[in-house]
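Values below: all heavy atoms of this structure, side chains included; hydrogens, waters and symmetry mates excluded. Computed from a predicted model, the values in this text were never measured in an experiment.
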Amino acid sequence: MGRITEVFDVIVIGAGHAGIEAALAAARLGGRTLLATLSLDNVALMPCNPSIGGPAKGHLVREIDALGGQMGIIADRACLQMRLLNTGKGYAVHALRAQEDKRWYHTLMKEIIENQESLALKQLMIDRLLVRNGEVVGVEAETGEIYEASCVILATGTYLRSRIVYGSVNYSCGPNGLRSAEKLSYSLLDNGLELMRFKTGTPARIDALSIDYGKMEVQYGDDVVRNFSFISDITEREQIPCWLTYTNENTHKIIRDNLHLSGMFNGMVEGVGPRYCPSIESKVVRFADKERNQLFIEPEGTHTREMYVQGMSSSLPADVQLKFMKTIPGLEHCQMMRAGYAIDYDCLDPLQLNLSLEHKEIKGLFSAGQSNGTSGYEEAAAQGLIAGINAMRKIKGLDPFVLRRDEAYIGVLIDDLVTKGTDEPYRMMTSRSEYRLLLRNDNADLRLTEKGRVIGLVDDNRYNIFKEKRTTFERALAQLKKINIGPRDENNSKLRAMGTAPLRNGNNLFELLRRQEVTYSKLQEAFSLPGLSEQVAEQVEIYAKYEGYINKQREEVERILRIENKKLPSDIEYLAIKELSSEAAEKLAKIKPSSLGQASRISGVTPADISVLMIVLEMKHQKGS
């Protein structure tokens with residue numbers, strides 16, 4: 001046993017996107033916190049795509065920000081290009097995506113961490129989790145140093161027993177050339193944790209000067225400057241373009257001819273890969289009838305010539321990767337600076353966790369991010385924030401902070417993980433949320449900032465900005481409902497100029513705003529309304545046009561909550577309830593759902609099983625137990 005070096009309230013293992021949010025949250029809530037990382041040079045590393053946001057992921061970033069997290073603020077500052085995606089679809093799926101300067105993002109985030117009060121950042125390889133009588137008591141580093149703590153948060157990303165594979169290359173290593181955490185995996189197993197083996201990958205990086213951009217389609221950022229953070233005041237941004245090109249039959253033939261050399265197809269890759277982000281080999285095999293696949297050539301920063309080839313993750317040999325890239329328009333003379341690779345790694349089965357992200361059997365042990373079987377920086381950061389909050393709430397003797405599925409995409413993400421589990425790297429998508437009309441990109445602050453304030457992460461500056469915005473929004477709605485106009489010629493000529501039908505009867509401006517072709521700016525100009533920021537005007541328009549649908553979804557939530565809020569005692573012996581199906585009893589006993597609502601979402605638990613549980617609850621209630 002090593003020597004005790006320091007004592008902390010919370011220890012976070014890993015300084016990726018999950019670890020950062022966890023450590024910052026814990027420190028900001030008053031906990032003396034240690035953030036341990038394999039390398040200080042890779043804090044907030046983006047080992048794969050240098051981007052933040054996208055469908056559903058952008059929603060997560062907004063929610064992290066509304067609760068007082070850090071990702072959105074730094075993403076705005078390190079942004080090379082930002083676009084609002086899915087604008088041709090409904091507001092529920094609109095999402096921001098930003099191309100990031102990966103080194104600048106690292107630099108800015110490391111600066112925040114280094115200057116955070118109560119937070120110590122150290123370069124350490126953690127080898128052992130220390131557990132005593134079912135409670136975590138600290139960690140041991142490879143140096144023999146022991147760090148004690150009341151809570152430990154695993155945020156190990158893809159570094160647990162990680163292995164790089166491409167072609168015949170196969171060696172123990174984590175992303176970006178960092179060491180693999182070998183001993184920690186075995187320590188987790190020794191303490192009874194169940195691990196899974198997953199796989200992810202990354203494409204090649206190529207030299208910007210070796211690309212023929214004239215053969216590609218340029219992809220500019222939006223002219224309108226937007227931000228992830230509700231408190232960012234950035235109004236100007238120099239946008240750096242990305243580029244679009246396509247594979248072709250020649251590309252696909254080279255890949256097919258060399259499939260036997262791919263780690264994904266020759267058995268060298270052990271883990272299960274992400275279905276929604278497949279390798280180029282998998283695309284060519286699974287979608288054999290597809291003549292081409294799109295590729296985005298994206299800058300990694302303003303002070304590097306490395307360009308990221310999005311859509312071409314591969315575990316083929318390096319020479320084959322270069323050969324097939326040279327068949328692609330614009331890449332005929334490309335120079336490969338880094339080869340793509342697959343990476344195998346260990347992660348926890350998330351069914352072992354409570355909704356608080358605390359382990360069910362080891363008190364004080366939390367887990368967040370890719371170590372829980374997820375993919376993506378945004379999913380990781382969201383979990384890290386919740387883990388950091390709940391570690392400190394546990395230390396303070398407070399109830400866990402848990403977001404419901406109708407309150408946030410973060411709630412959907414965590415509920416899916418701990419209730420349903422995952423047999424592949426989990427990716428957040430808008431289709432996973434049954435309440436996505438309520439959980440829009442634009443209203444994350446209205447949904448969550450008050451909660452962040454109660455928790456203690458929303459400071460006075462953020463809260464004052466939020467209150468002013470909310471007041472402006474509510475005042476604008478009230479004014480629109482108050483102003484009535486009649487079917488006079490003057491009014492109807494204004495409406496015709498807006499491209500909408502004239503009035504036959506009197507109406508208020510709020511009802512007019514319900515019309516698809518009417519915007520707040522048009523009403524403002526025609527009827528001398530006060531000016532609103534673009535963000536508030538958008539929220540007013542969405543509320544007017546979708547009020548009926550929003551109210552219906554809220555009614556559905558209230559109905560579901562009658563079941564959702566029925567708590568299940570932790571001492572129910574499911575295996576002893578004969579009326580339950582054997583599958584349901586086994587899964588309920590393993591997952592130990594906290595409510596009927598959570599139980600109903602477990603795979604294999606039927607409505608009949610839920611009826612049985614309702615009877616059991618009623619009998620317990622009658623007995624007064």
Practice item. Please state whether the rings of Y543 and F510 are parallel, tilted or perpendicular, taking 30° and 60° as the class boundaries. Key: tilted
Indicate yes or no: at least one non-hydrogen side-chain atom of [X] is less than 4.5 angstrom from one of [Y].
| X | Y | value |
| --- | --- | --- |
| R77 | S229 | no |
| I52 | E378 | yes |
| L67 | L403 | yes |
| R496 | P502 | yes |
| V218 | W243 | yes |
| L529 | Y520 | yes |
| Y435 | V412 | no |

Review point. Under the side-chain hydrogen bond (donor to acceptor under 3.5 Å, both in side chains) criterion, do S232 and D76 qualify, and how do the steps go?
Key: CA-CA 7 Å; S232 286; D76 291 340; 2.6 Å; yes
Return yes if some donor-acceptor pair links the side-chain N/O of [X] with the main-chain N/O of [Y] below 3.5 Å, else return no.
| X | Y | result |
| --- | --- | --- |
| N227 | I234 | yes |
| N507 | L512 | no |
| K57 | A95 | no |
| H59 | A92 | yes |
| T247 | N293 | yes |

Check your understanding: Hey, mind stepping through K552 and E555 against salt bridge (charged side-chain N to carboxylate O under 4.0 Å, His left out) and telling me if it holds?
Key -> CA-CA 5 Å; K552 282 184 181 179; E555 289 171 8; over 6 Å; no
Within the supplied structure, the quantity of interest is the number of heavy atoms (other residues, nucleotides, ligands) at a distance under 6.0 Å from [X] [atom1]; does it exceed 12?
| X | atom1 | answer |
| --- | --- | --- |
| K89 | NZ | no |
| E525 | CD | no |
| D489 | CG | no |
| K481 | NZ | yes |
| K566 | NZ | no |
| E468 | CD | no |
| R286 | CZ | yes |
| F527 | CZ | yes |

Taking NZ, NE, NH1 and NH2 as the nitrogens, is one of them in [X] or [Y] under 4.0 Å from a carboxylate oxygen of the other?
| X | Y | value |
| --- | --- | --- |
| R554 | E558 | no |
| K522 | E517 | no |
| R453 | D460 | yes |
| R470 | E450 | yes |
| E564 | R405 | no |
| R97 | E298 | yes |

Exercise for review: Check step by step if side chain to side chain contact (heavy atoms under 4.5 Å, CB included) holds for L417 and L353.
Suggested key: CA-CA 9 Å; L417 288 172; L353 305 175; over 6 Å; no
**Study point:** Identified side-chain hydrogen bond (donor to acceptor under 3.5 Å, both in side chains) partner of D415 from the options Q598, R601, R404, R432
**Key:** R601
Review point. Which residue, Q116, E21, R28, forms the side-chain hydrogen bond (donor to acceptor under 3.5 Å, both in side chains) with Q70?
Key: R28
Exercise for review: Compute both the distance and the angle, then confirm whether R440 meets the cation-pi test with Y546: under 6.0 Å from the six-membered ring centre, within 45 degrees of the axis.
Suggested key: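 No, R440 does not lie over the aromatic ring of Y546.
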Practice item. Cation-pi check, R62 to F230: give yes when NZ or CZ is under 6.0 Å from the six-membered ring centre and within 45° of the ring axis, no otherwise. Key: yes
Exercise for review: Report yes or no: do Y91 and D442 form a side-chain donor-acceptor pair below 3.5 Å?
Suggested key: no
Revision key, fill the gap. From the list I602, T419, I591, side-chain contact (heavy atoms from CB on, under 4.5 Å) partner of L351 resolves to I591
Exercise for review: Walk me through it: do I240 and Q81 pass the test side chain to side chain contact (heavy atoms under 4.5 Å, CB included)?
Suggested key: CA-CA 6 Å; I240 296 178; Q81 180 196 109; 5.5 Å; no
